Protein chains: 2
Amino acid sequence: MGITERKEREKELKRAMILEEAQKLILEKGLDCLNMDEVAERAEVSKGSLYLYFNNKTDLVLGICHKASAMMNAMTTKVLTENLSGLEMVYQIGINYLTFASEHPEFFRAMRFLENYKDTDQAKNSNYLGLCAQNRQEGFRVMVRAIQIGMQDGSINNTYDPNELAILLWATSHGVVNTAYMHQNTEHFKLLDHLGIDMETMFKSYMKLIGCGIQSESNKNSDSQSFSETHSPNTRSVLTENNDA
Amino acid sequence: MGITERKEREKELKRAMILEEAQKLILEKGLDCLNMDEVAERAEVSKGSLYLYFNNKTDLVLGICHKASAMMNAMTTKVLTENLSGLEMVYQIGINYLTFASEHPEFFRAMRFLENYKDTDQAKNSNYLGLCAQNRQEGFRVMVRAIQIGMQDGSINNTYDPNELAILLWATSHGVVNTAYMHQNTEHFKLLDHLGIDMETMFKSYMKLIGCGIQSESNKNSDSQSFSETHSPNTRSVLTENNDA
DNA sequence: CCCATATACTGACTTTAAGTCATTTTTTGA
DNA sequence: TCAAAAAATGACTTAAAGTCAGTATATGGG
């Protein structure tokens with residue numbers, strides 16, 4: 001009697017399909033204009049049905065966040081399996097985050113939304129909130145692991161506490177990606193007129209800046225320069241102008 | 001015939017009063033629950049009047065953001081007048097930001113809101129948006145100035161471009177303050193269970209980490225340790241637990 | 001194949017909160 | 001004192017989230 005299982009599967013599939021459509025809508029019109037009637041129409045279900053699959057609008061957006069965090073995690077975890085030094089892994093994790101933000105702005109928007117609405121009752125009643133938190137913690141653990149690897153292989157200064165260092169790298173890289181994203185996508189954000197910033201260049205400078213602080217002495221002497229120069233990650237630059245820098 | 005002037009003054013005063021009340025409401029119930037009817041009631045004006053003073057809800061929230069950015073700016077600009085090295089100024093600017101975020105969470109919340117709604121038509125029609133952008137740019141220019149001072153007095157490595165470095169410091173410090181804020185104020189954010197983070201400790205580690213990258217060689221040799229230890233800024237720690245670190 | 005039950009779906013309706021505007025009240029200056 | 005201008009009001013309109021009584025479809029035994 002696999003009927004209940006089949007139904008469960010079908011329900012999950014439909015949920016995914018609705019999320020897909022909502023995602024497209026965000027990409028087209030922006031998260032601010034996301035409208036449940038429209039989502040229902042696009043997904044070819046009635047409004048009532050839509051609310052059978054998602055508790056409320058916040059739940060739906062969190063569903064998208066969950067997809068985003070799962071995707072991020074897959075990318076991040078993969079880095080650990082590559083043949084890289086710990087320091088290079090840390091770099092690659094950052095680049096992945098950057099790539100993700102520029103290739104999936106709708107996911108990035110959704111995650112920024114989440115940051116603002118985490119504390120509402122609606123968010124707290126969503127199953128997705130916990131799943132997102134889990135994914136975030138898992139991603140963070142990968143970062144810690146990369147740092148530990150770096151401390152063992154001698155590429156990262158082992159006088160730090162790995163957890164503390166991971167939090168700082170997490171926090172600062174989020175800040176950098178966020179600022180770069182804002183500069184690119186938000187009309188009224190420019191910190192400095194005529195200063196074009198592309199995400200990739202900015203991230204490289206960032207890695208160079210903190211590289212000094214996290215590298216081991218031996219690593220600094222051997223290839224500190226190459227650290228910020230040799231890598232050419234497959235991140236496409238999204239910026240149009242770049243007068244400065 | 002100073003009547004129009006007096007009226008203008010009164011109008012501005014009333015606007016400020018309404019903002020004050022709205023701010024209190026955010027502090028009490030959170031930005032998510034901010035409700036225009038309630039703002040009107042608290043400010044002892046009718047709803048219609050409220051809309052004479054503010055175009056719409058976004059305008060009102062941007063009004064609060066504007067207050068916040070003005071306050072931030074005053075703090076930041078003052079640092080330039082103090083008898084500090086450029087590097088110490090940079091540190092102090094960061095600490096000010098941190099202090100601001102922990103002492104005025106309602107302002108911090110409003111500014112985070114702004115980040116999400118900058119691109120809506122409502123925000124674009126608000127006069128406050130431009131004023132906020134101006135303040136942000138002014139704050140940024142102070143940061144650049146501090147860096148230039150540091151390059152001149154020899155405390156900051158002068159191989160960087162001051163603008164680029166300022167953007168990186170801006171971006172990373174925002175990331176750090178934001179992450180620390182989330183850890184403290186958001187239930188479902190913990191990157192690591194049982195890891196208590198207080199904003200001040202985290203910010204000090206951050207400054208230590210990037211200190212290596214921005215300090216001049218001479219500064220590193222003379223007092224690099226003291227850089228992250230001697231300062232005891234008057235930031236009250238808001239965190240309750242702190243098991244780790 | 002038919003029917004009773006369960007499950008899934010529907011869209012008209014309710015609710016909530018932002019935003020408007022015709023009317024009233026207050027202020028101004030002759 | 002009063003007419004015109006300015007300011008203030010709150011009942012109303014609108015938009016969009018969220019609900020639910022009723023309808024349709026699927027299931028499984030007889």
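Since this is a predicted model, take the numbers as computed values, not measurements. Just the heavy atoms: all of them, side chains too, but no hydrogens, waters or symmetry mates, feed the values below. By convention in this document, chain letters (A, B, ...) are assigned in the order of the sequence lines, proteins followed by strands, and residues within each chain are numbered from 1.
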Consider the side chain of [X], meaning its heavy atoms from C-beta on, and name the nucleotide among [options] that approaches it most closely.
| X | options | value |
| --- | --- | --- |
| Asn35(A) | dA17(C), dA17(D), dA26(D) | dA17(D) |
| Lys57(B) | dG19(C), dT19(D), dT9(D) | dG19(C) |
| Tyr53(B) | dC9(C), dA8(D), dA18(C) | dA8(D) |
| Leu52(B) | dT9(D), dG19(C), dT10(C) | dT9(D) |
| Lys7(B) | dT19(D), dA18(C), dT27(C) | dT27(C) |
| Ser46(B) | dG10(D), dT10(C), dA17(D) | dG10(D) |

- Query: With side chains defined as the heavy atoms from C-beta onward, is the minimum distance between Leu168(B) and Thr172(A) less than 4.5 Å?
  - Reply: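 Answer no - side chains too far apart.
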
- Mind checking Gln122(B) for me? I need base, sugar-phosphate or nothing, with any heavy atom below 4.0 Å counting as a touch.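 The answer is sugar-phosphate, as Gln122(B) gets under 4.0 Å only of primed atoms, P, OP1 or OP2.
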
- Task: Identify whether any heavy atom of Leu34(A) sits under 4.0 Å from a base atom; if not, whether one sits that close to sugar-phosphate; answer base, sugar-phosphate or nothing.
- Result: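 Touches sugar-phosphate only.
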
For [X] and [N], what is the distance between atoms [atom1] and [atom2] respectively, to the nearest whole Å?
| X | N | atom1 | atom2 | answer |
| --- | --- | --- | --- | --- |
| Glu38(B) | dG19(C) | CD | C1' | 17 Å |
| Phe54(B) | dG19(C) | CZ | P | 13 Å |
| Glu12(A) | dA8(C) | CD | P | 13 Å |
| Lys47(B) | dA17(C) | NZ | C1' | 6 Å |
| Glu5(B) | dT28(C) | CD | C1' | 15 Å |
| Ile18(A) | dT10(C) | CD1 | C1' | 14 Å |
| Glu10(A) | dC9(C) | CD | C1' | 14 Å |
| Asn55(A) | dT19(D) | CG | C1' | 13 Å |

- Could you tell me whether a side-chain N or O of Arg112(B) sits under 3.5 Å from a main-chain N or O of Glu115(A), the two making a donor and an acceptor?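 Such a contact is found between Arg112(B) side chain and Glu115(A) backbone.
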
- Indicate whether OP1 or OP2 belonging to dA26(D) is found under 4.0 Å from a side-chain N or O atom of Arg6(A).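 Checking Arg6(A) against dA26(D): no side-chain N or O falls below 4.0 Å of OP1 or OP2.
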
- Mapping Gly48(B) and Gly48(A) to their closest nucleotides on DNA chain C, which lands nearer the 5' end?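 The answer here is Gly48(A).
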
- Item | Tyr97(B) ring center within less than 6.0 Å of Phe100(B) ring center |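 Phe100(B) vs Tyr97(B): aromatic centres not under 6.0 Å.
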
- Does Lys11(B) get its side chain close enough to the base of dA7(D), under 3.5 Å, for a donor-acceptor pair?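 No.
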
- Qualifying residue, where the test is ring-ring contact (aromatic ring centres under 6.0 Å, His included) with His66(B) and the options are Phe107(B), Tyr128(B), Phe54(B):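 Only one option passes, and that is Tyr128(B).
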
- Message: With a sphere of 6.0 Å drawn around CD of Glu106(A), does it hold more than 12 non-hydrogen atoms of other residues, nucleotides or ligands?
- Response: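 Enclosed: over 12 neighbouring heavy atoms sit under 6.0 Å from CD of Glu106(A).
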
- When the nearest nucleotide of DNA chain D is assigned to Ser49(A) and to Asp37(A) on a heavy-atom basis, which residue is associated with the more 5' position?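 By nearest-heavy-atom nucleotide position, the 5'-most residue is Asp37(A).
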
